[in-house]
Amino acid sequence: MQRAGEVIPEIVKPIKERRTGTEKEFSLLEKVFDKNKGRPACPVCGAEIVKSEGEVMYYCSNAACPAQVAGRLQLFVSRGAMDIRGIGERQSVMLLKEDLVRDPADLYYLKDKRAELLKLEKMGEKSVDNMLESIEKSKERSLARVILALGIRHVGGEMAGILAEHFNSLDRLAAANREELVDIPTVGPKIAESIIAFFGEEQNRKNIQKLKDADVKLEDEIKEQEELPLTGQEFVITGKLEPFSREKAEAEVRALGGTTKDNVTRNTSYLVVGADPGGSKLSRAQTLGTKQIDEQELLRLLGRNK
DNA sequence: GAGCCTCGAGATCT
DNA sequence: CTCGAGGCTC
């Protein structure tokens, strides 16, 4: 390990190409290339710097690089991810330096090291307890936050949300194959490969297992859709609808929590009657006393008061 | 007309 | 980065 302290904050950010980087980043990049006569090396760990194809960013190729380790820890504890209060840039570096933490999952085992934490600079009883409490609370974060916290390349907040929504558990995401991933809108080959590569890494699997062992929640509870306006309401449509097609109407009903069926039963809440309605559905609705509504009424229920 | 490429717009990630 | 449009090949 090298002196982590001063270098890390600069390197943690990926180094950009001249035309887009900040002045600070320019000079850093300059230094890197000068020192190595055109063969770029990470100023922190000396490993080769790689540039992803067609991309503007340079990355250190060494996953164990102290700067990367620190960067991952900071992403993990950040507001948008696990939202652990009391650990920022300063504390991350300190915890790593003192070898109290080697990867983010170690945070959940810090409660057994209270004495060591108290010895750290500027860490009194109050700060330590607040920190430990915040770590415990973070075990219940949403799956989207957990996925973001893992630091998978090309997976930011938006992508993490989409993946969480689609898989509902980290295990299912980890088991997904390329085909399944690419089928998700906004997921293309690059992101699919990146995700598969991430879960293929031995180290990453180990860290996830550590999170599991520490009882960090790695799934979302089955969504309670009780709040949706049409939950529990069953719709049957007969006849033609004008403003939008039957498919679209049914899709909107489902989007609001309702269900759609082809035949009227005792469970049917509404028969939507369009133009030229089918006789069988209509008469059955009459027999059962099913509530009949026209298209305008349906639009109103869908919240489209046009 | 299926398969493959490039290109640009628009969204996202770092 | 993704994705669709438009051009090319076979």
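Proteins come first, then strands; the chains are lettered A, B, ... in the order of their sequence lines, and each starts at number 1.
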- How far does NZ of A/Lys217 sit from OG of A/Ser169, to the nearest 0.5 angstrom? 11.5 Å

- Task: Indicate yes or no: does A/Lys126 engage A/Asp129 in a salt bridge with an N to O separation below 4.0 Å.
- Result: no

- Item | Interatomic distance where CD1 belongs to A/Ile162 and C1' belongs to B/dC13 [whole Å] | 12 Å

- Rounded to whole angstrom units, what separation is found between the NE2 atom of A/His154 and the C1' atom of B/dC13? 9 Å

- Item | Separation of atom NZ in A/Lys190 from atom C1' in B/dT14, rounded to whole Å | 16 Å

- Could you tell me whether A/Glu219 and A/Arg172 make a salt bridge, using a distance below 4.0 angstrom between a side-chain N and a carboxylate O? no

- Quick one: A/Ile195 CD1 to C/dT2 P, roughly how many Å, whole number? 10 Å

- Query: For A/Ile191 and B/dA11, what is the distance between atoms CD1 and P respectively, to the nearest whole Å?
  - Reply: 15 Å

- Task: Could you check how far CG of A/Leu181 sits from P of C/dT2, rounded to whole Å?
- Result: 11 Å

- Query: To the nearest Å, how far apart are A/Arg178 CZ and C/dT2 C1'?
  - Reply: 13 Å

- Query: Do A/Asp171 and A/Lys212 meet the salt-bridge criterion of a basic N to acidic O distance under 4.0 Å?
  - Reply: yes

- Value in whole Å for how far the P atom of C/dT2 lies from CD of A/Glu158: 14 Å

